[in-house]
Amino acid sequence: MSDPRERVQAVGNATTSLAFEEALLFERSRPGRRGADLPAPDVPDVDPAASLPADWLRDDLEGLPELSEPEVVRHFTRLSTWNYAVDLGLYPLGSCTMKYNPKLNEAAAQLPGFALGHPLQPVALSQGILQLMYELERHLAEISGMDRVTLQPAAGAQGELAGIMMIRAYHEHRGERRDKILIPDSAHGTNPASAALNGYHTIPVPSGPDGLIHPAAVAERMTPDVAGLMVTNPNTLGLFEEHLVEIAEIVHSRGGLVYGDGANLNALLGVARPGDLGIDVMHFNLHKTFSTPHGGGGPGAGPVGVKNLLAPHLPVPMVRKLEAAEGQGFVLDYEFPHSIGRLHGNLGNVGMLVRAFAYVRSLGPDGLRRCAEMAVLNANYVRARLRRSYAVPYDRPVMHECVLSDRSFEGAGVTTLDVAKRLIDYGYHPPTVYFPLIVPGALMIEPTESESLEGLDRFCEALLAIAEEAREDPEHVKGAPHSTRLSRLDETRAARKPVLRWQPDPDPS
Amino acid sequence: MSDPRERVQAVGNATTSLAFEEALLFERSRPGRRGADLPAPDVPDVDPAASLPADWLRDDLEGLPELSEPEVVRHFTRLSTWNYAVDLGLYPLGSCTMKYNPKLNEAAAQLPGFALGHPLQPVALSQGILQLMYELERHLAEISGMDRVTLQPAAGAQGELAGIMMIRAYHEHRGERRDKILIPDSAHGTNPASAALNGYHTIPVPSGPDGLIHPAAVAERMTPDVAGLMVTNPNTLGLFEEHLVEIAEIVHSRGGLVYGDGANLNALLGVARPGDLGIDVMHFNLHKTFSTPHGGGGPGAGPVGVKNLLAPHLPVPMVRKLEAAEGQGFVLDYEFPHSIGRLHGNLGNVGMLVRAFAYVRSLGPDGLRRCAEMAVLNANYVRARLRRSYAVPYDRPVMHECVLSDRSFEGAGVTTLDVAKRLIDYGYHPPTVYFPLIVPGALMIEPTESESLEGLDRFCEALLAIAEEAREDPEHVKGAPHSTRLSRLDETRAARKPVLRWQPDPDPS
Amino acid sequence: MRFIPHTDEDVATMLEAIGAPSLEALFACVPEKLRLDRPLALPAAASEQEVLAELRALAERNAHAGSHAWFLGAGTYAHFVPSAIDALASRAEFATSYTPYQPEVSQGTLQAIFEWQSMMCALTGLEVSNASLYDGASATAEAALMAMRLTRRSKVVLSGGVHPHTREVLRTYLDGLGGEISTAPRGADGRTAGLVGCVDDATACVILQQPAFLGAIEDVAAAARAARAHGAVLVVTTSEALSLAFLRSPGALGADIACGEAQSFGVPMSFGGPHLGFLAARGAHVRQMPGRLVGQTVDARGRRGFVLTLSTREQHIRRERATSNICTNQGLCLLRATIYLALLGRRGLRELARLNHAKAEYAKSLVRRTPGLALPLAAPTFHEFVVGVPGPAEAALARALDAGLVAGLDLAPHAPELGPALLVCTTELARREDIDRLVRVLAGRSA
Amino acid sequence: MRFIPHTDEDVATMLEAIGAPSLEALFACVPEKLRLDRPLALPAAASEQEVLAELRALAERNAHAGSHAWFLGAGTYAHFVPSAIDALASRAEFATSYTPYQPEVSQGTLQAIFEWQSMMCALTGLEVSNASLYDGASATAEAALMAMRLTRRSKVVLSGGVHPHTREVLRTYLDGLGGEISTAPRGADGRTAGLVGCVDDATACVILQQPAFLGAIEDVAAAARAARAHGAVLVVTTSEALSLAFLRSPGALGADIACGEAQSFGVPMSFGGPHLGFLAARGAHVRQMPGRLVGQTVDARGRRGFVLTLSTREQHIRRERATSNICTNQGLCLLRATIYLALLGRRGLRELARLNHAKAEYAKSLVRRTPGLALPLAAPTFHEFVVGVPGPAEAALARALDAGLVAGLDLAPHAPELGPALLVCTTELARREDIDRLVRVLAGRSA
Ligand SMILES: Cc1ncc(COP(=O)(O)O)c(C=O)c1O
Ligand SMILES: Cc1ncc(COP(=O)(O)O)c(C=O)c1O
């Protein structure tokens with residue numbers, strides 16, 4: 001078989017080139033350098049020791065570096081070149097919806113009237129942002145089929161927390177003690193974790209052989225002490241939960257509520273609404289479905305939509321539009337007698353709300369539906385192109401993502417991790433791996449609607465080439481990535497002997 | 001000798017890593033895609049053919065590509081990763097002063113009150129920018145020891161053109177016909193080219209064995225038909241023209257004027273002023289000395305300072321501050337009876353003026369002097385570290401840059417070009433090569449004040465390693481760069497069979 | 001649609017490859033009757049030009065730290081943000097990448113997080129810092145939960161000096177796990193009083209905010225003794241991370257956990273978010289920490305690199321037994337703060353803190369000398385303090401606004417017992433002449 | 001000094017290595033008496049915060065296309081700039097790199113320039129485009145010089161419709177090379193008249209601006225015939241590159257050189273610069289072209305790449321015999337324009353041009369129907385046209401300003417014979433309601 005580098009070049013997406021090394025800030029530091037200057041003091045200098053005990057005061061910030069501005073700029077510019085990013089290429093992380101992040105969103109969020117506003121300034125001075133939040137709530141409600149939406153949660157997981165809290169508040173308010181919650185075995189880790197933070201015991205619901213949850217499995221477990229069900233639709237296999245309505249009826253009929261994990265909402269935009277599928281409360285990941293950038297791990301925003309029955313329990317404050325009688329404008333509304341309280345120190349990750357608003361306005365109803373259609377088209381196209389070369393555990397049409405596995409490479413001893421690392425050599429970020437847990441060696445691919453046909457073809461050719469390599473040159477695949485500055489970092493060592501900070505003299509080894 | 005990659009790694013500045021391929025826009029284009037949307041028309045559509053002959057109208061823009069916004073963003077993001085840049089590392093291009101470009105400058109230039117202003121709006125609506133231009137003129141005059149400064153020229157070469165035009169106007173105005181100009185053989189190509197654009201014949205002045213111009217050489221050539229002398233100080237060897245005052249006196253005594261090429265002003269900031277050295281007119285390269293970014297080839301700005309004797313010939317308009325009697329504020333001043341006229345379609349590269357102003361305000365008198373001191377310190381340090389391994393044609397203390405040559409490698413057949421290309425493998429942009437012309441195989445290194453001691457040490461270690469390689473492993477040096485996506489592009493072929501644009505079907509070969 | 005590349009031809013080709021007759025057919029798994037049979041009732045798509053114009057119009061209807069002289073802090077602070085931060089943090093490689101699960105293509109983010117962790121350890125005087133939490137409020141709640149896990153106790157003693165919003169969030173978080181909260185009152189000088197009395201052997205932790213919401217600088221060492229006496233954990237939270245450069249570190253004064261809000265480190269106020277929660281703790285407690293951690297390791301060829309580590313604490317591995325449910329955190333804000341700390345550095349950050357303090361002391365000295373104004377709380381402060389004003393605080397705020405000043409926070413809802421009063425903050429942005437004007441208008445004199 | 005890394009210790013180390021006793025000693029070559037014996041008389045250094053505050057204050061004293069409804073064009077146009085352009089062009093790899101002399105580390109810039117050249121060939125209908133000149137005015141002057149070299153003639157026939165500033169710059173440039181200029185007058189309908197009469201066998205080139213300064217769309221084909229009849233070169237210049245997407249290409253209509261200003265392609269107005277001069281010509285004339293050219297080639301391993309080429313035309317090789325003295329050009333503006341054209345694309349750019357035209361036709365239709373206003377020039381226009389106003393034009397401008405409109409250019413200095421008149425431009429930024437208001441206030445009615 002051909003030379004491995006040629007195989008990579010044949011696909012035409014990647015090569016290797018000059019890259020830069022860069023030490024830690026602390027290693028580059030030199031006493032006496034500075035990267036910022038302060039305004040000339042226009043007030044008398046004050047010795048803090050005059051008003052405070054000397055031993056309460058900081059005498060030195062040892063451990064902080066000293067660099068000039070050019071050095072700092074170079075440091076982080078070089079660091080940036082070690083990252084993969086959506087703006088560099090396809091980023092098929094399943095469940096993460098790595099779609100294109102419009103530059104318009106960033107320009108909008110940087111407007112001084114948004115970026116420099118203070119959360120506690122009088123509402124009379126904040127009418128612009130309050131109107132934006134009010135309208136965004138209305139838009140998200142319409143998109144999801146919910147009645148009200150809180151914009152406070154800072155990310156999906158905090159949204160889950162808020163949603164489950166409202167379910168708990170709902171039951172408690174009705175004097176019911178329910179201490180269990182049903183969660184499918186395909187669920188994301190934040191679901192059980194969020195339930196546990198509410199003191200709930202989680203009861204796993206097994207997925208059926210078709211990858212879906214079945215009414216019977218839920219009915220069996222839906223006892224009077226169960227507060228409700230957390231469901232992800234489409235689920236983490238990329239499959240639409242076809243029995244959801246029936247399942248929701250079961251849950252409702254036994255006094256439970258249904259929480260919808262909205263991480264995969266991208267597949268349903270303008271096509272179907274969680275609120276019409278029996279879901280009582282759900283979160284949105286604005287950093288997925290609504291194009292706000294992931295930032296290497298946030299910030300995001302995780303608004304939560306609820307049906308009216310949960311509205312009394314919404315976190316405060318909400319934004320309210322004044323009735324004609326009260327005058328014009330928008331105010332913060334604390335009148336939620338049974339509110340679960342406050343989740344965020346302020347109004348939420350407002351900067352992300354501005355971006356998501358810009359996105360909804362840019363797409364409109366047709367554009368949003370087009371997102372769902374093209375996202376689903378792309379996922380099915382990838383599946384169609386790969387299903388002959390990769391094991392497909394649940395081989396049926398998918399929605400926005402498809403899950404493959406490494407089963408077909410068992411013989412060669414090539415694992416999902418190997419495939420993922422080798423994909424890097426071809427110039428792609430790996431898919432989500434080993435999730436969902438119910439698929440051994442899962443490769444979870446979500447192309448999103450941002451990717452073009454040719455782009456997907458090149459990506460599929462890379463995966464097909466790797467499938468071939470797995471058979472013909474398995475050792476090369478197991479040694480991947482070969483192209484990167486660093487290869488296969490030792491995670492075991494990192495965890496066994498944690499080095500979590502730089503120190504003047506870190507212990508050797 | 002060790003493995004070539006290890007030699008590179010030993011210096012610790014560079015390595016190789018994953019890089020991305022990217023086709024031409026036209027090759028990525030697909031009919032029907034769009035990367036921009038237009039506002040909904042709020043006026044009736046009009047068929048241009050109603051008012052214009054059909055065959056005057058454009059029916060199609062064949063040759064323009066069709067891409068979506070994400071594709072365009074990825075295209076240019078990937079392209080950018082193929083460039084070296086000051087923000088990535090030391091950029092020792094002699095004569096180009098690749099110093100750090102402060103981010104503050106960019107933030108300032110992007111303020112709507114600067115970026116969105118129109119050159120023809122009433123001056124009453126432009127008082128902010130006119131004040132900035134007025135003050136910048138004052139600052140540049142003080143820094144250079146000139147009386148007035150025009151901010152109009154768009155770059156140094158246009159500044160030269162303007163300056164020589166003023167010299168010509170000066171002579172013509174005094175009824176003198178002089179058609180020659182003296183230019184040292186070490187001068188930059190723009191000097192003779194700018195003189196020629198004025199219809200002047202250029203008389204080369206040979207540099208002495210010490211790399212300086214000598215009074216005798218000038219005196220000999222300074223005949224009555226010579227309009228003046230163009231001199232670069234420090235000169236392109238990085239040497240201070242020690243006899244300049246005497247030389248200027250000779251030129252002046254014979255009715256000529258002295259033009260100063262200010263490209264190397266960085267070496268003199270706050271230390272000495274061209275105006276005090278006998279120079280009558282000079283240009284500034286704001287994109288060199290005053291930190292405005294080079295942008296991969298501009299835009300720059302080339303203001304020209306003059307002594308009062310040339311002021312009547314300044315291009316119009318200039319900015320004038322109203323006398324108390326006339327009221328408050330600033331106006332455009334066209335009252336220059338003997339002006340050479342207008343050089344720029346508008347007021348000049350104003351956006352660059354804003355950046356340079358921010359720079360002067362940030363540094364102040366002490367900071368500017370510090371620039372010169374550290375720039376000179378850095379150049380001499382590099383020279384000191386390399387002089388034993390590289391031939392130094394004019395081996396004396398330098399100012400802001402030092403010139404080495406490949407003479408010491410003649411034996412091994414390694415040339416300046418080879419050294420330059422090999423330096424890339426070590427993670428550095430090559431120095432200016434084969435300039436000045438009077439030094440065969442010149443390597444012209446200008447570190448600028450932005451570089452730290454450790455940074456220079458690493459850079460010198462790379463050059464020292466290459467010197468060793470030139471002896472021990474010359475073939476490897478001649479094959480460099482080995483690390484880049486492309487290596488040694490065929491410039492002869494490009495010039496012999498020029499392909500200067502993409503075409504639907506470019507002729508093969 | 002400029003964000004979506006698909007042409008009709010592309011769609012046809014792809015449907016064919018899939019073997020689906022139409023786009024509609026791709027949604028066959030969605031029962032007919034559940035599909036939305038109408039377009040979403042949303043405003044029609046607008047062009048970039050129109051959307052920006054719409055958003056500009058909205059933005060212009062907000063006051064902000066650029067449009068007024070700014071003295072409002074109360075947990076969110078108007079500090080100067082060096083231009084290099086926007087230039088670097090906006091680089092696509094940082095902004096459009098995901099959580100660094102794949103270290104070979106994420107070393108940029110990973111090394112920056114490691115640098116952040118290291119600097120936060122230095123600032124807090126503790127051995128481990130995580131890679132951010134949502135904000136100061138949730139970080140404080142996570143600290144309480146962490147303390148409950150560490151001590152297997154459920155009682156939380158909360159200083160009345162903790163930011164009211166943080167207290168609310170803490171209640172919200174603890175409610176589900178049966179944590180009970182008792183609050184230590186504020187003493188006459190503004191500091192927390194009677195902590196000792198509140199702590200007992202059932203106390204999981206004592207939570208002290210430094211400086212307190214009303215500005216007072218607390219006695220951390222005393223709180224540490226009170227907590228230690230009963231085996232409780234001392235959590236010191238702050239809503240102004242810059243104070244860490246002014247005051248002796250919480251770790252040095254006996255805190256077991258330091259947490260809070262680091263928005264002041266180069267993160268725009270942005271109406272309250274996204275900001276930057278942080279949490280640092282003693283090394284021994286690392287396995288009970290919430291949030292991501294980056295650790296140093298080596299690659300296959302022995303070269304230093306960084307990875308996400310100790311993930312067995314986290315939801316994606318430990319699920320319902322995770323130390324927290326957090327997944328997406330505040331990565332890009334952390335990056336901004338890391339750049340900020342790198343720029344300000346060892347000396348700059350301390351000088352900045354001192355300048356903030358000096359401005360406040362100058363303002364206080366004017367207030368002291370101004371009839372009609374008062375400083376009701378005697379405790380020393382950093383850059384924020386309470387000013388008693390003549391007549392209703394609202395009126396004072398309105399007077400200031402007319403003079404182009406946002407004067408501070410009306411304390412009526414928070415500390416009515418102080419009478420008409422404002423919480424006023426002076427950062428490096430407050431120019432002397434603005435402070436002079438502020439004092440004049442608050443005293444009711446003309447600006 | 002935050003831009004300079006050197007510590008005192010570094011300086012000492014380096015001086016030692018150099019063998020210099022002091023920094024002063026490094027300047028020994030500068031004769032004592034010539035050294036500046038005092039600090040420069042400049043304002044003291046200010047911090048970033050202070051400098052930005054100072055510049056903000058200056059910026060706020062300027063009106064701009066964001067603060068008013070904008071109808072002023074006259075060679076510099078207020079078009080919408082997609083956000084992606086700032087995001088991409090501000091990338092350090094583009095902004096902080098030098099002219100791409102070293103192709104192995106400059107392929108990003110080189111490929112972008114090649115793409116620009118290709119698209120400008122398509123838009124101008126010519127075979128070669130350079131990599132930018134300073135601005136439209138100097139590009140036109142360079143075109144004239146190029147024509148003089150090509151024809152070895154020195155007479156330039158200039159249309160009176162060429163932008164007055166361009167005419168001035170042309171004079172400045174030609175003066176040194178003894179080029180003589182004769183100007184063809186403007187006819188009653190606004191188009192250039194009597195070109196034919198001005199051209200003779202000594203004529204190096206005819207220079208026509210399309211559209212003319214006052215908006216009229218010229219008859220390029222006729223000018224081409226007039227030029228060709230005497231072996232002269234036809235130069236078609238434009239100050240509105242967007243018109244290339246509206247009108248048949250100059251090349252197709254017989255122009256030998258097309259040049260002008262491409263600021264409209266995503267470059268901010270920025271008070272007149274930096275903008276983007278372009279120049280395209282017939283392939284046969286490439287060796288007389290000014291400015292940089294990028295060509296396609298292959299590398300040592302046969303892979304496609306790009307390099308600066310045909311540099312024997314340029315100053316750094318040919319020196320006094322170079323085709324131009326230009327060195328630094330407008331690289332980053334060229335990149336912005338390349339991104340702009342890639343975003344707008346084959347269809348978008350034409351649609352945009354049509355929209356600009358439609359807005360102008362709408363405005364003209366209102367003007368026609370409005371008593372007191374007139375359209376003195378009958379020739380068809382693109383997006384800019386002359387409006388005759390009642391009473392002094394200055395008064396009309398002032399009325400408009402009160403209504404928040406910058407209404408256009410007062411033509412008194414340029415075309416007094418038209419009576420009180422304004423040059424008015426409508427781009428896609430001009431909303432219908434603004435146009436309606438404009439017409440009302442110009443007519444003297446209340447906005
Ligand atoms: C299915 C699912 N649920 C929940 C989450 C958590 O959302 P967030 O990361 O915004 O907290 C994720 C994020 O990866 C997810 O994929
Ligand atoms: C010595 C010298 N003179 C003149 C110039 C021309 O300046 P510009 O490129 O700004 O036109 C340069 C630029 O490289 C130079 O180095």
Side-chain angles (χ1 to χ4, degrees), chain A residues 35-36 42-43 46 51 61 63-64 66 76 79-80 82-87 108 111-113 115-117 119 125 128 154-155 157 189 192-194 196 198 240 293-300 341-342 345-347 349-351 364-365 380-381 452-453 484 486 488-490 494 499 501-502, chain C residues 5 10 14 29 39-40 45 55 58-59 61-66 88 91-93 95-97 99 103-105 107-109 118 121-122 134-135 137 168 172 176 268 270-274 295-297 299-300 305 309 315-316 319-320 322 325 328-329 331-332 343 345-346 358 361-362 380 432:
Chain A
D42 55 0
V43 298
V46 179
S51 49
L61 294 181
L64 259 60
E66 299 175 73
F76 289 99
L79 257 52
S80 74
W82 297 344
N83 275 6
Y84 191 93
V86 169
D87 282 5
L111 292 169
L116 305 182
L125 304 182
S194 302
N198 273 275
F240 186 86
H294 279 80
R342 179 185 280 277
N346 293 300
L347 302 171
N349 282 354
V350 177
N380 280 287
Y381 181 74
S452 68
L453 170 56
T484 46
L486 302 181
R488 295 267 178 145
L489 289 106
D490 186 340
V499 178
R501 60 170 165 156
W502 174 88
Chain C
D10 296 334
M14 294 168 82
C29 48
L40 289 166
L55 282 157
L58 286 171
R61 292 177 44 220
N62 301 323
H64 56 81
L88 293 166
R91 282 185 59 84
E93 294 87 336
T96 74
S97 55
T99 303
E104 295 86 353
V105 285
Q107 284 298 305
T109 296
S118 306
C121 287
Y134 300 131
D135 62 2
E168 290 175 39
T172 309
S270 189
F271 282 105
Q296 177 176 318
T297 185
D299 82 343
T309 191
Q315 45 75 24
H316 61 283
R319 300 179 73 84
E320 63 272 22
N325 68 330
T328 291
N329 42 88
L332 204 61
L343 286 167
R346 183 174 181 167
E361 292 303 314
Y362 172 75
R432 180 184 192 136

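Here is how names work: the chains are called A, B, and so on, in the same order as the sequence lines, proteins then strands, and each is numbered from 1.
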Where is the tightest heavy-atom contact between [X] and [Y], given as atom of each residue plus distance?
{"X": "A:W502", "Y": "C:S118", "result": "N-OG, 2.7 Å"}
{"X": "A:A157", "Y": "C:Y134", "result": "CB-OH, 3.6 Å"}
{"X": "A:L64", "Y": "C:G345", "result": "CD2-O, 4.0 Å"}
{"X": "A:A193", "Y": "C:A322", "result": "CB-CB, 4.5 Å"}
{"X": "C:G305", "Y": "A:L489", "result": "CA-CD2, 3.4 Å"}
{"X": "C:E93", "Y": "A:A85", "result": "CA-CB, 3.7 Å"}

| said: Do C:E361 and A:V43 have side chains that approach each other closer than 4.5 Å (heavy atoms only, starting at C-beta)? | reply: no
| field | Side-chain touch A:L486/C:E104, heavy atoms, less than 4.5 angstrom | value | no
Taking [options] one by one, which has the highest count of heavy-atom pairs under 4.5 Å against chain A?
{"options": "C:T99, C:T96, C:L58", "answer": "C:T96"}
{"options": "C:H316, C:R91, C:M14", "answer": "C:M14"}
{"options": "C:A122, C:P268, C:A63, C:A137", "answer": "C:A63"}
{"options": "C:A92, C:C121, C:G272", "answer": "C:G272"}

Please check: side-chain N/O of [X] versus main-chain N/O of [Y], any donor-acceptor pairing under 3.5 Å?
{"X": "C:N62", "Y": "A:G113", "answer": "yes"}
{"X": "A:R342", "Y": "C:E168", "answer": "no"}
{"X": "C:D10", "Y": "A:L453", "answer": "no"}
{"X": "C:T328", "Y": "A:G300", "answer": "no"}
{"X": "C:T297", "Y": "A:D490", "answer": "yes"}

Pick from [options] with the largest number of heavy-atom pairs that fall under 4.5 Å of chain C:
{"options": "A:G63, A:P112, A:G35, A:G297", "answer": "A:G297"}
{"options": "A:P293, A:A108, A:G341, A:G345", "answer": "A:G345"}
{"options": "A:V350, A:N198, A:L347", "answer": "A:V350"}
{"options": "A:G364, A:G351, A:P299, A:A196", "answer": "A:P299"}
{"options": "A:S194, A:G296, A:A36", "answer": "A:G296"}
{"options": "A:A154, A:G128, A:S452", "answer": "A:G128"}

What part of [X] gets within 4.5 angstrom of chain A, counting heavy atoms only: side chain, backbone, both, or neither?
{"X": "C:D135", "result": "side chain"}
{"X": "C:T309", "result": "side chain"}
{"X": "C:L88", "result": "side chain"}
{"X": "C:C29", "result": "both"}

| task | Working to the nearest 0.5 Å, report the span between CZ of C:F271 and CG of A:L116. | result | 9.0 Å
| message | Could you tell me if A:N83 and C:T109 have a donor-acceptor pair between their side chains, going purely by distance under 3.5 Å? | response | yes
